[in-house]
Each structure stands twice: as C-alpha cells, then as structure tokens.
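Values reported hereafter were calculated over all heavy atoms of this structure, with side chains retained and with hydrogens, waters and symmetry mates removed. Letters A, B, ... are given to chains in the order of the sequence lines, protein chains preceding strands, and every chain is numbered from 1. Given the structure is predicted, the values throughout are model-derived calculations rather than measurements.
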There are 2 protein chains.
Amino acid sequence: MVTIGDVATRAGVSRSTVSYALSGKRPLTEEVRRRVAVAIDELGYTPNAGARALATSQTKVLGLLAEFLPDEFAPAMMQYFLGVTETARTFGYDVLLISEPDGPAALHRVLASRMVDGVVLLNVAEHDDRLGVLRDTGRPGALVGLPADPDGVDVFDLDFPETGRAMVAHLGELGHREIVLVSQPEHVVQRGGAYVRRLRDAALDEADRRGITLHAAFGPADQTQVGSFLHHLLDAHPGATGVLLNNEAAAAALPAVLDARSASVPDVLSVVGRWSADFARYFSLPYSFVESAPDRLGEMAVRQLVRRIEQEEAAAEPHVVRLLPPVLVDRGSTGAPRG
Amino acid sequence: MVTIGDVATRAGVSRSTVSYALSGKRPLTEEVRRRVAVAIDELGYTPNAGARALATSQTKVLGLLAEFLPDEFAPAMMQYFLGVTETARTFGYDVLLISEPDGPAALHRVLASRMVDGVVLLNVAEHDDRLGVLRDTGRPGALVGLPADPDGVDVFDLDFPETGRAMVAHLGELGHREIVLVSQPEHVVQRGGAYVRRLRDAALDEADRRGITLHAAFGPADQTQVGSFLHHLLDAHPGATGVLLNNEAAAAALPAVLDARSASVPDVLSVVGRWSADFARYFSLPYSFVESAPDRLGEMAVRQLVRRIEQEEAAAEPHVVRLLPPVLVDRGSTGAPRG
DNA sequence: TCCAATCGTCGAACCGGTTCGAATGGCGTG
DNA sequence: CACGCCATTCGAACCGGTTCGACGATTGGA
C-alpha cells in the first residue's frame, strides 16, 4: 500500500508538505505543488480513510438508519435511500446503511465507535427509542418523521394534518358530503406511526367543520386482504362519493376493486391519496395524490445534517421542524359527486 | 471521548492489557478481566473504529455497489439490500451503500482509501468497467450478475439459460405449440444486461428442439407503455396459448391487460414469469413464476466475501461461479392449451 | 535453597494521516 | 553589506487502537 510517506519521498518533500498540498491549508510554491501532484499520480496514492478519521475525528460518512418492516411497503423506502445517498455524495459523504432490527443498539454502536459523523433516522416513531441514544451522544442527527419530542434534532416530514385537511377540503369544495378514508392498519399506528393518526384526526376535524360525513377506517397492509376489505368498506357506505387513501397497499389494489364494481372515476367515485410519484408510476395509479416527496425529505435531512457537522455556527443554531405543505398532483380523478 | 487509556487507568492496568481483555488474544487473570470489564462498563467505552482500522487494516465494513437506473424497477433492488445487510450483520460487518453513477470511480475510491474490506457488486453487466478496478486493487469482491469474464471474482446469479429452458419446457409438456416471450427492453441488453439475452436464446433453442413456435419480443420497461405493447403483441399472435415474462413492468401490467381482453388464466392463456416472491406479493401477481431469489443471492455473495476476507486459506481458493437452478413456484396459472 | 520454566502484564513501536511551532531560505531595506 | 522579515517547508507530536518482545513474579523440580 502506498502511503503519504512514499509520496513525500518521491516528491522530495516532507510528509507534512504532502498533506498541505492535499488540503491546501498552507501556501506552497507552485513547483512543490506540481511535484507532489506528479508523485501522487505516478504512485496512485489515495489517503487512508482510517488514518484520516483518526487524525481529524471526521469520517465523512453518514449513518442511515432504516428498518425493513415486513408489513410496510418496502419499495417506498428506496426513494429515501436515493435522496439521502445522492445528496450525501454531493457533499462528499458516503452512507453507511444500517438496517438492524435493534435500532437503538445499532445507533449506539456506530455513533460511539465514531464510524459516522452524523445520522439520518428514517421512519421515526412517535416515541422512538433511538432518540434517547442520539441525544446522549450529542452527535448531530436528522429525522424523517415527526416524534412527540423533537428536542435536539432536526425534523423533516410531510405535513400530515394539513394533508388530511387538504384532501377533505378538495372533495368538500367539489360538493361531496359523504366520503371514506382508508388509513394504514392499526398496528402501524401502535408501532408509533403517529402520522397515520395525525392525518386522520385532521381529516375528521375538517370534515366536521364542513359538515361532511367521513368514514375513517384502518385498512390492512397486506395485499392479499386489502381488496376484499375495500369491497366491504364500499358496500358498507353506499352513499359515499369519494375515497381518501393513506395506505399504499389499498391504493395499489383500488383500480382492480373499482373495475370489478364498475365504479368509474371520477363519475361514480372521486379518489385522492397520499403517496409518491414513483409509487404512482410503478403501480400505474391514475389518481390524484398528495406527493409525499421521500427523495426531497431525504435530501433536506442530509443538507441540514451536513451543515451542522461542518459549520460550527450551525451546530449552535436552534433545531428545526420542517413540515412540507401538501402539494396535490392532479390526475383528474376527482369531480362533482354523482346524482 | 473515552479512550482505551482511560479504561486502563481506571482498571489500574496498561492499555495493552485492556486490548487483550477485549480481544482475548492472550490469557489474563480472572481478576484483571473483571476489573477491565467494570471500567469499560462504568465509562461506557467503545473502541474507536478509525483507530482500530488503522492498526489492524480491517474496517469490518463491506461496500455495496448499486446503481439506481431510472428505467429499471427500483423496488427489486431492495431485496438485494436486505439480503446483503442482514447477512453482513450476522458476520459483524456494516455496509457502505454506494450508488454513484460513476461506478468504477466510486469503487476505486472506497477500495483505495481502505474504507471497506471487500465489495458486493450488484447488477453486473456483461462487460462491466468496475471489474477492472476491482482486479487492479486485488481486494475481494463478490458479484451478483454474471459477466463475460468472471476471473478473479466470485459470481452469484440465477441460471438464466436454464430458466428460459424450464419455462418453455413447462408449457411444452402441457401441450402448448405457440407461445410468446416478453423480455426486458433492448436498451437494458445494450447496457450489458446479458441475462436478458441468455434467457431468451436458451428459450428459443428449447422451443426449437421441441418444435414450439416462440415469438420473442422486447417489451418496454415503462409502465405507461407496456400495457398497449402487450395488447399489440397478443393481437399479433392470436394463436399463442402461453405467455412467458422476463420483464417486471410487463408482469405488473398483465392482469389488467388480460382482464380487458377477457382472457382468463389458464383457460385462454397460460402464464409463467421470472421475478421474486416479494415482487409477486406487492403486485398481487396470480401467476406461476421462477423465483429470482434476490435476498438469497445477496446472502450467498456476502457469505463468500466474508470467507475470503477472514480466512487466509479461503483467499487462495479458486473463484466460484454459482448459478442458482430455476425453481418454479406454482400458482396454477398454467394448463393445457385451449381448443 | 537455587534455578528454570511458565504465566501474566507492561512498555514501546507502529498503523497513516494532520497540525502546530520552529527552522530555513530568499528577499528587500537601511 | 548586514539585518530582519516574510514565505515556505520541515520535524515532531498526536489521534486511539494493536501487537510483539521483554520483564517480573510465581511455581515446580532438582
């Protein structure tokens, strides 16, 4: 392995000079700079990351904590990965992917061993055990998902309450008086997915304010069951003229269900959901939806994280909670109610 | 930050003794071992990964090189991630996720800087530029995807030729004489996805041997276009009684297409494809398929990689090319041809 | 009782970078 | 021509572990 010493010898300078040539932290003669560059090139030198980390206590690596939950729609997580890794790379960071079931332990391990300069936590629950670990170490962290107590961390998430309101308001203004909401299953909520409840509560409130009847249900996340669930739900509320979706599996299953019922959209039923553009693409969903913007959230989280890591003044700034306002992508799946 | 020196002081021993207590590489008195354990516990000591890497030249990190291609089905990649990260963890390794567009450069960067002990390359193309980089550094690497020249690396992949033969044979034995094959689009092949061609060629050969007419087509990967493509394809070959799929987008679109044509399965058409169980689950695909086993391939790649890293004798063993024999998951979507 | 072997622990060197203070050289100026 | 200053480079210490040879204490045998 070629080290900085080899480069120094070849260029006829000291090791420290090579280091300065690399970092530019001290002025050097053009001549020396050139000789070092040539030596590096000829020897094919790349600094040893471990040694550098030891000396600078900076690894240029970010931790990405994700949990693969069997009942959640795994592909959705991919979009976060993309936003995080791409943004990290533009700032010169690599990403350590951590998917252990025991999140707190894994987090402690990578932070305490100084493998990473900061972490992005995905899928943050209402009361997330990882937060305690993160606060104890005092290292910077950015969350995707709003916990009950966001103290000491930066939070990025979709504004779920506003999303719920916007969806109800959208149908309400078209004249709908009775609609249905399909949320993620109960166990997602219990696991800490408070966003499900936040959207639901806001939707119920907005419906109430507008005098709209809103039937709020928790649908299964299992693709094999969600179809019949939707049938039953629609059977149970024959007067409903609109469907709101906050459940990916239900969204994927809806086209077949409506087709089987010969319920055309938007003539018979108006449909609005909450998912990502990529999700809509993969499943060819022809419905209007509020973009959940996973790639954008991942990018924002990393940007802020890097700021905190690299800029001393930023480290002292108050922590932010940034909730993206809902943006409706219109696919023409809503209209005036039938009859 | 608490270092090994702090622990040593607190336990009243030397730094090296603490190190030996941690690694167990030399015998210690029970008393000393206990005192060190207590000190570690009280101080909350965790070894610094950078320092350890520097001293041992082992990082306990594996690189995972993936490319996010816009026209490939991104969620499929998730299954590989799962297999790789989980297996890595059972062996005490973390995973550095590298998704840069410039694969060779990224690979060189992480290998030359000694950030990782070895790499897993996903989606390996027929002639993959990353292989040259990998061979030059001489570090261990495991591939998922069979390149033209697998010298110096371990390769794991589905046996695509056998998969093609098996699918044709399956329908052939049921009595089908004219069938259709939908492959991935041409540009996937051109980018190096030789597996597409390997399956196709073998299928054509097998059909030839059995006197079966096989119409082999390259379908679009774009969900918006693949539906009408399938309609045209089936219109063009009204005599076909079976459909083979080696194209995820086409598989996802097929149920709606067949429904629109009132072509029931397997009465009117028999269907067999190649995808993963998770893919089938997400898209509720009711068809028989050859399992492409991404999680299993990821696991095999990591197992072998770790063996090469950790066992000196393994490092010298000849490299392997392991092609998984196709396993058909029967969902009852095939039967005797109509008429 | 003395010596040798064994066991357990220590000290120092090393891994490959970074960084700070000091040394060296060239230049301009008095 | 001598001096001082500034720009540039060097040397040494340090980051936090691991590892090897050596040392001291204990034990066993002669």
Side-chain angles (χ1 to χ4, degrees), chain A residues 1-37 39-40 43-61 92 109-117 137 310, chain B residues 1-37 39-40 43-61 92 109-117 137 310:
Chain A
M1 212 63 234
V2 32
T3 74
I4 200 172
D6 302 333
V7 174
T9 306
R10 176 137 196 155
V13 298
S14 74
R15 300 195 302 147
S16 52
T17 300
V18 176
S19 179
Y20 287 125
L22 244 21
S23 68
K25 291 190 178 174
R26 283 199 183 173
L28 296 179
T29 10
E30 195 47 49
E31 162 66 7
V32 167
R33 197 182 300 282
R34 201 189 48 72
R35 284 216 312 275
V36 170
I40 286 176
L43 296 173
Y45 166 71
T46 308
N48 180 300
R52 185 171 267 183
L54 182 56
T56 63
S57 46
Q58 282 236 358
T59 61
K60 289 294 199 171
V61 175
R109 186 168 54 78
V110 297
L111 286 175
S113 69
R114 285 297 216 272
M115 295 184 79
V116 300
D117 295 335
T137 66
E310 296 189 344
Chain B
M1 214 59 236
V2 32
T3 75
I4 200 172
D6 301 332
V7 174
T9 306
R10 177 137 193 154
V13 298
S14 73
R15 301 197 302 149
S16 51
T17 300
V18 175
S19 180
Y20 288 124
L22 245 22
S23 67
K25 292 191 180 175
R26 283 200 184 174
L28 296 179
T29 355
E30 194 46 49
E31 162 65 8
V32 166
R33 197 183 298 283
R34 201 190 48 73
R35 286 216 312 275
V36 170
I40 286 176
L43 297 173
Y45 166 72
T46 308
N48 180 300
R52 185 169 267 184
L54 182 55
T56 62
S57 47
Q58 282 237 356
T59 61
K60 288 294 199 171
V61 174
R109 186 169 54 78
V110 297
L111 286 175
S113 71
R114 285 295 214 273
M115 295 184 79
V116 301
D117 295 335
T137 65
E310 297 190 343

Nucleotide [N], atom [atom2] - distance to [atom1] of [X] in whole Å:
{"X": "Leu43(A)", "N": "dG16(C)", "atom1": "CG", "atom2": "P", "result": "14 Å"}
{"X": "Met115(B)", "N": "dG16(C)", "atom1": "CE", "atom2": "P", "result": "17 Å"}
{"X": "Leu22(A)", "N": "dT19(C)", "atom1": "CG", "atom2": "C1'", "result": "14 Å"}
{"X": "Asp6(A)", "N": "dC15(C)", "atom1": "CG", "atom2": "P", "result": "11 Å"}
{"X": "Leu28(B)", "N": "dT9(C)", "atom1": "CG", "atom2": "P", "result": "5 Å"}
{"X": "Tyr45(B)", "N": "dG16(D)", "atom1": "OH", "atom2": "C1'", "result": "7 Å"}
{"X": "Leu54(A)", "N": "dC15(D)", "atom1": "CG", "atom2": "C1'", "result": "4 Å"}
{"X": "Asn48(A)", "N": "dG16(D)", "atom1": "CG", "atom2": "C1'", "result": "14 Å"}

Taking N and O atoms by type only, does the side chain of [X] place a donor or acceptor under 3.5 Å from a partner on the base of [N]?
{"X": "Arg35(B)", "N": "dG8(C)", "result": "no"}
{"X": "Ser14(A)", "N": "dG11(D)", "result": "no"}
{"X": "Arg15(B)", "N": "dG16(D)", "result": "no"}
{"X": "Arg26(A)", "N": "dG21(C)", "result": "yes"}
{"X": "Tyr20(B)", "N": "dC20(D)", "result": "yes"}
{"X": "Ser16(A)", "N": "dG11(D)", "result": "yes"}

- Message: Please give me the minimum heavy-atom distance between Val7(B) and Ile40(B), naming the atom from each residue.
- Response: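 Scanning both residues completely, I find the closest heavy atoms to be CG1-CG1, 3.7 Å.
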- Query: Looking at Ala21(B) and Arg33(B), what are the two nearest heavy atoms and their distance?
  - Reply: O-NH1, 4.5 Å
- Minimum-distance nucleotide to Ile4(A) side chain [options: dT18(C), dG17(D), dC10(C)]: dT18(C)
- Query: What nucleotide among dT9(D), dT18(C), dG17(C) has an atom nearest to a side-chain atom of Thr56(A)?
  - Reply: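 For Thr56(A), the side-chain atoms sit closest to dT18(C).
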- Query: Can you tell me if the side-chain N/O atoms of Lys25(B) get under 4.0 Å from OP1 or OP2 in dT18(D)?
  - Reply: no
- Query: With a 4.5 Å limit on heavy-atom distance, are the side chains of Leu28(B) and Val13(B) in contact?
  - Reply: no
- Determine, for Glu30(B) against Arg34(B), whether the closest basic-nitrogen to carboxylate-oxygen distance falls under 4.0 angstrom.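 Looking at Arg34(B) together with Glu30(B), the answer is no, because their closest N to O distance does not fall below 4.0 Å.
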- When the nearest nucleotide of DNA chain C is assigned to Val32(B) and to Val2(A) on a heavy-atom basis, which residue is associated with the more 5' position? Val32(B)
- Task: Tell me which of Ala55(B) and Val13(B) sits closer to the 5' end of DNA chain C, going by the nucleotide each one is nearest to.
- Result: Val13(B)
- Check every strand shown and say whether Ser19(A) touches a base, only sugar-phosphate, or nothing at a heavy-atom separation below 4.0 Å.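 Ser19(A): base contact, heavy atoms under 4.0 Å.
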- Task: Return yes if some donor-acceptor pair links the side-chain N/O of Ser113(A) with the main-chain N/O of Thr46(B) below 3.5 Å, else return no.
- Result: no
